[in-house]
Structures are given as structure tokens and as C-alpha cells.
Novice: 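One structure follows; several queries about it will come next.
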Amino acid sequence: MSKADRYQQIIQQTRIRFLADASLKMQDLQHRFEDYDHGRLSADQRTLPDCIHRHAHAIKGLALTLSYEDIDHICEEILNYILYQPDHVWTAEDIHTLRKMVIILDQLLTQASSAQV
């Protein structure tokens, strides 16, 4: 196996692991949004935005390295939305905006996973 082939194999395996890990993060966010929808989390708590930030930051960390520019971009939008409001009291409208961005992220991850098959 050539060096170039070995490199491509490493990248491919890293993409598979990255997408599997990102899928778990999206499942966690879905559960947290369900908790929010059922009143177990309120909009003014930072719990949900902090979790979204943590997962988006982790996903963004490898997305661009693995040539997932769209995923990197939406993660950056999510992070900027949260970070530019550090002492913000979160409202239902803010959570709705975050949810829309997370849905876009989930769709992009699903597309990337489908392309791997």
C-alpha cells in the first residue's frame, strides 16, 4: 500500500468515526430539546445553550480538517450566536433560533453520512 493510499485510508476511517460521534451528539441534543419541550428545561437556563455550544465546538474542531466546510460553517454560526450573548437571558425565541441551526447541522451530518456509504 502506498503512502498516499494509507493516508486516504486514515482520513476515511477518521471521517467514519467523526460522523458516528457527531450522530451521538445530535441524539443528545434531540433529548435535551425534548426535555425543553416538556418543561424539564426552561429557556432562561443556560443548560441547553451550554450543551449546544459544547457539541457544536467539538464537531467544528474536526469538520474543516475533514473537508466538511458546510458543517464547519453552521457550527461557527451556532457558536457565534451563543458566544456573543454571554450574559443573555435565554428566551423561547432564542431557543427556537438555536433549534433551527441545530436542525441544519443535523441535516448536513446526515448528508455527509449518506455520502460515506
Novice: Find the distance between OG1 (Thr110) and CD1 (Ile103) and round it off to the nearest 0.5 Å.
Specialist: 11.5 Å
Novice: Does Lys25 pair with Asp21 as a salt bridge, N-O distance under 4.0 Å?
Specialist: yes
Novice: With a 3.5 Å distance limit and no angle check, can you tell me whether His38 reaches the backbone of Glu34 through a side-chain donor-acceptor pair?
Specialist: yes
Novice: Might you confirm whether atom CD of Gln13 has over 12 heavy atoms from other residues, nucleotides or ligands at distances under 6.0 Å?
Specialist: yes
Novice: So, taking the atom named CG in Leu62 and the one named CG in Asp72, what distance separates them when rounded to the nearest 0.5 Å?
Specialist: 10.5 Å
Novice: Do Leu108 and Tyr68 have side chains that get closer than 4.5 Å, going by heavy atoms?
Specialist: no
Novice: Please check: side-chain N/O of Ser23 versus main-chain N/O of Leu19, any donor-acceptor pairing under 3.5 Å?
Specialist: no
Novice: Mind running side-chain contact (heavy atoms from CB on, under 4.5 Å) on Thr91 and Ile95 for me, showing each step along the way?
Specialist: CA-CA 6 Å; Thr91 65; Ile95 299 300; over 6 Å; no
Novice: Measuring only between side-chain heavy atoms, which start at C-beta, is Ser114 closer than 4.5 Å to Gln111?
Specialist: no
Novice: Would you check if Phe18 and Thr65 make a side-chain contact, meaning some heavy-atom pair closer than 4.5 Å?
Specialist: no
Novice: Do the non-hydrogen side-chain atoms of Thr47 and Tyr36 ever get within less than 4.5 Å of each other?
Specialist: no
Novice: Any chance you could measure Ile16, atom CD1, to Leu66, atom CG, to the nearest 0.5 Å?
Specialist: 11.0 Å
Novice: Does one side chain, of Ser2 or Asp5, offer a donor that lies under 3.5 Å from an acceptor on the other?
Specialist: yes
Novice: Could you measure the distance from the CD1 atom of Ile59 to the NE2 atom of His55? Nearest 0.5 Å is fine.
Specialist: 7.5 Å
Novice: How about Asp106 and Gln30: do any of their side-chain heavy atoms sit closer than 4.5 Å?
Specialist: yes
Novice: Would you please name every residue forming a salt bridge (charged side-chain N to carboxylate O under 4.0 Å, His left out) with Arg15, sequence neighbours left out?
Specialist: none
Novice: Please give me the minimum heavy-atom distance between Gln9 and Arg6, naming the atom from each residue.
Specialist: OE1-NH1, 2.9 Å
Novice: Please determine whether side-chain contact (heavy atoms from CB on, under 4.5 Å) holds for the pair Leu79 and Tyr84, giving the CA-CA distance in whole Å, both sets of side-chain angles, and the decisive distance to 0.1 Å.
Specialist: CA-CA 8 Å; Leu79 294 173; Tyr84 287 125; over 6 Å; no
Novice: Can you tell if the side chain of Lys60 reaches within under 4.5 Å of the side chain of His57, non-hydrogen atoms only?
Specialist: no
Novice: Nearest 0.5 Å please: distance from the CG atom of Leu105 over to the CG atom of Leu98.
Specialist: 11.5 Å
Novice: To the nearest 0.5 Å, what is the distance between SG on Cys75 and CG on Asp70?
Specialist: 11.0 Å
Novice: I want to check something: taking the side chain as every heavy atom from C-beta on, are Trp90 and Ile82 in contact at a cut-off of under 4.5 Å?
Specialist: yes
Novice: Taking the side chain as everything from C-beta on, heavy atoms only, tell me whether His73 gets closer than 4.5 Å to Ile78.
Specialist: no
Novice: Are any of the side-chain nitrogens in Asp28 or Arg32 under 4.0 Å away from the carboxylate oxygens of its partner?
Specialist: yes
